[in-house]
Amino acid sequence: MFSKHPLPLTSCFYSTTPPTSSSPHKPESLLVKKCIFLLQNCGSSTLKLRQIHAFSIRHGVPLNDPDIGKHLIYNLVSLSAPMSYPHNIFSCIRSSNVFTWNTMIRGYAESESPEPALQLYRQMRASCIQPDTHTYPFFLKAVAKLADVRIGEIVHSTVIRNGYDSLAFVQNSLLHMYAACGLVDSAHKAFELMSERDIVAWNSVINGFALNGKPNEALTLFREMGLEGVKPDGYTVLSLLSACAELGALALGRRVHVYMVKVGLTDNLHVNNALLDFYAKCGSIREARKVFDEMKERNAVSWSSLIVGLAVNGFGEEALELFKEMETEELVPSEVTFVGVLYACSHCGMVHEGFSYFKRMKEKYGIVPKIEHHGCIVDLLSRAGLVKEAYQYIRNMPLQPNAVIWRTLLGACAMHGHLTLGEYAIAQVLKLEPGYSGDYVLLSNLYASEQRWSDVHVLRRKMLRDGVKKIPGYSLVEFGNHVYEFLMGDRSHPQSDQIYAMLAEITKRLRLEGYAPHTENVLADIEEEEKENALSYHSEKTAVAFMLLKTAPGTPIRIVKNLRICADCHLAIKLTSKVFEREIIVRDQSRFHHFRDGFCSCRDYW
């Protein structure tokens, strides 16, 4: 089974059975020997372990016997049993050795509640038990799960002091810890200092880059990996597909798919789920559906990924049909599945259907709605223009609304012109998450749309005073094994003269089709002509011009936009798809827009 943070711990440190139970200076009783033999041969059954434990107690083996205790703990941890049982055994043992301490730390590190691993490590040191090479990888795994980089750095210095920093499995654990804590540059620095790097080390840093918003760095490191002759494995593929999805790098992801077929990874459920998700996030929903249809094995993640993929690509009806098919197959939908279903309803304006599914989720499947489900309902009402109803829903929610929910309402207020409610919504957002520029921009745009320029200037002065900077919009396109980034009005590209000449040609041909710039989106107190010029140089338009120059007629154009597409660009790209006979797929901050023959998959509802 693939994990987002691969660490092959057990195989590196332990044999399949624990070491012999006692020293030659202390002969074991026949009863203890018999119990240990039974424990070593009981197979993967927690019930049998409990029976052997009960047998040993019934026949007079002391509860604090360290030999029986360590074998019991080892077997229970290996079976991923609840940690309360091995913890009770551990607390009775009169003198645990380092092996038993390591096993307990490992058990908590691999559990859903790793915090006790930190307490055990402190107790271990306080008991004058010296950690060995096996202690640190397990302990660092717990630190990584808790994302406690302060403790991780302390352990790193201890590892160096104790001379364990040259061991590959300790180094790999440090890489994983730094990446999991978001300090992927520190992980990369440690990686660069390693004298020998195995596939686990490469995967840890590539995955760290992919998961921490640095997909370009992930792909660069992958190329270095190939140059050094290291063959990628399933974990590498998962990280690469994640990076390609983030960048919208469809061509590179397709090459990863070819590699999967070549090395026989196409039967792996987790890799197939990642491939399906990649195609959906690149807007290639037909290929995502093809991967899904060809999967020999599917789980709830497979169904949910395609349901969400269909929804965000504007195929809400198809997403709901797929959900019905899932129910027909008698598969039990999960919480995540219903997030996808509600997402489909929200992004397609299906208000009544959304509430119906929300009710079915609770009553038929017994799923208690989480904040994400309530957020989908707020979004459902907001996108349909039912802003006051969305506000009332927030007020009556059984859970405390978070910043995302208030931000959803703020966006609806900006879109539908509810100024007073918008001011209230941003006040709630700033209480929870102050300093995010997008919130100020939404309210600023709302003021500007009402021609309240003095309020715009007051708000923007406040942004400057508080050190809040507006996030610049950018658009990404993939061409010729490279991902190109375009900013508004940017002329840094070597072919900028040709690109801007093509922009002028596009605008000229669109005007012949009746295009008139949507200048109300330029929310500044300037002349109309200046507004039209500002609109001309939006990053997505520049990206379209570049791709029209560089690609053959009829080739689809794919763009990844970090912000929501504005109304003018939406109109212009719709007409461009018709005039230039191109399918243009734009993935913006909120959803996909598939433009074809002058129409958009969102039906102008976004």
Side-chain angles (χ1 to χ4, degrees), residues 2 4 210-211 215 218 237-258 260-261 265-266 268-295 297-326 331 333-348 372 376 379 476-478 483 556-562 565 583-596 600-602 606:
F2 287 113
K4 285 189 176 179
L211 293 179
V237 168
L238 288 175
S239 301
L240 285 176
L241 290 172
S242 174
C244 292
E246 184 72 20
L247 289 169
L250 182 64
L252 180 57
R254 281 173 173 156
R255 288 200 292 278
V256 175
H257 189 177
V258 170
M260 284 171 54
V261 174
L265 283 171
T266 50
N268 185 287
L269 175 62
H270 304 285
V271 173
N272 278 333
N273 283 342
L275 183 65
L276 191 164
D277 184 61
F278 154 72
Y279 279 127
K281 286 180 177 175
C282 285
S284 186
I285 201 66
R286 283 187 292 271
E287 286 176 280
R289 182 72 204 227
K290 187 172 185 288
V291 170
F292 179 83
D293 290 339
E294 292 176 354
M295 288 173 70
E297 180 188 358
R298 301 173 190 148
N299 61 7
V301 175
S302 318
W303 289 85
S304 300
S305 295
L306 187 56
I307 288 168
V308 173
L310 286 163
V312 298
N313 278 278
F315 304 102
E317 293 90 346
E318 291 85 344
L320 297 177
E321 283 299 318
L322 186 65
F323 178 72
K324 291 172 185 173
E325 186 181 332
M326 181 180 181
L331 294 166
S334 66
E335 296 168 353
V336 177
T337 315
F338 273 103
V339 169
V341 169
L342 295 173
Y343 199 85
C345 296
S346 172
H347 284 253
C348 295
E372 294 84 0
C376 286
D379 190 55
L476 305 174
V477 290
E478 182 190 27
V483 175
I557 296 172
R558 288 179 168 83
I559 299 169
V560 175
K561 168 84 175 177
N562 69 322
I565 188 171
E583 181 183 7
I584 304 173
I585 302 105
V586 178
R587 186 180 91 198
D588 72 3
Q589 190 182 37
S590 63
R591 60 168 302 138
F592 276 90
H593 300 267
H594 289 252
F595 299 97
R596 183 184 290 177
C600 180
S601 59
C602 76
W606 84 103

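Predicted, not measured: the structure shown is a model, and the values here were computed from it.
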Nearest non-hydrogen partners of [X] and [Y], listed with the distance:
| X | Y | result |
| --- | --- | --- |
| Gly340 | Ile307 | C-CG2, 3.8 Å |
| Ser601 | Asn313 | OG-O, 3.5 Å |
| Cys282 | Ala245 | SG-CA, 4.4 Å |
| Val271 | Met260 | CG1-CE, 3.2 Å |
| Val341 | Leu320 | CG1-CD2, 3.7 Å |
| Leu269 | Glu297 | CD1-O, 3.3 Å |

Does a side-chain heavy-atom distance below 4.5 Å link [X] with [Y]?
| X | Y | value |
| --- | --- | --- |
| Leu310 | Ile285 | yes |
| Val560 | Leu247 | no |
| Val258 | Arg254 | no |

To the closest 0.5 Å, what do you measure between [atom1] ([X]) and [atom2] ([Y])?
| X | Y | atom1 | atom2 | answer |
| --- | --- | --- | --- | --- |
| Asn299 | His270 | CG | NE2 | 7.0 Å |
| Leu276 | Glu294 | CG | CD | 11.0 Å |
| Ser284 | Tyr279 | OG | OH | 7.0 Å |
| Cys244 | Lys281 | SG | NZ | 12.0 Å |
| Ile565 | Ile559 | CD1 | CD1 | 7.5 Å |
| Asn268 | Leu238 | CG | CG | 7.5 Å |

- Close aromatic pair by centroid cut-off 6.0 Å: Phe323 and Trp303: no
- Task: Report yes if the distance between the aromatic ring centroids of Phe278 and His257 is under 6.0 Å, otherwise no.
- Result: no
Look only at the side chain of [X] and the backbone of [Y], and say whether a donor-acceptor pair between them is shorter than 3.5 Å.
| X | Y | result |
| --- | --- | --- |
| Thr337 | Ser334 | yes |
| Arg558 | Glu478 | no |
| Ser305 | Val301 | yes |
| Arg587 | Gly283 | no |

- Task: Output, in order, the C-alpha distance, side-chain angles, deciding distance and verdict of salt bridge (Lys or Arg N to Asp or Glu O under 4.0 Å) for Glu321 and Lys324.
- Result: CA-CA 5 Å; Glu321 283 299 318; Lys324 291 172 185 173; 3.6 Å; yes
- Does a donor on one side chain sit under 3.5 Å from an acceptor on the other, for Ser239 and Ser242? no
- Message: Angle between ring planes, Phe595 versus His593, binned at 30° and 60°: parallel, tilted or perpendicular?
- Response: parallel
- NZ (Lys561) with more than 12 external heavy atoms under 6.0 Å: yes
- Task: Start with the C-alpha gap between Glu318 and Arg289, add the side-chain angles, then the distance that decides, and say whether salt bridge (Lys or Arg N to Asp or Glu O under 4.0 Å) holds.
- Result: CA-CA 11 Å; Glu318 291 85 344; Arg289 182 72 204 227; over 6 Å; no
- Task: Could you give me the CA-CA distance, side-chain angles and deciding distance for Val308 and Val339, then say whether side chain to side chain contact (heavy atoms under 4.5 Å, CB included) is met?
- Result: CA-CA 8 Å; Val308 173; Val339 169; 5.7 Å; no
- From Asn273, Asp277, Asn272, residue fulfilling side-chain hydrogen bond (donor to acceptor under 3.5 Å, both in side chains) relative to Ser302: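 Answer to the side-chain hydrogen bond (donor to acceptor under 3.5 Å, both in side chains) test with Ser302 among Asn273, Asp277, Asn272: Asn273.
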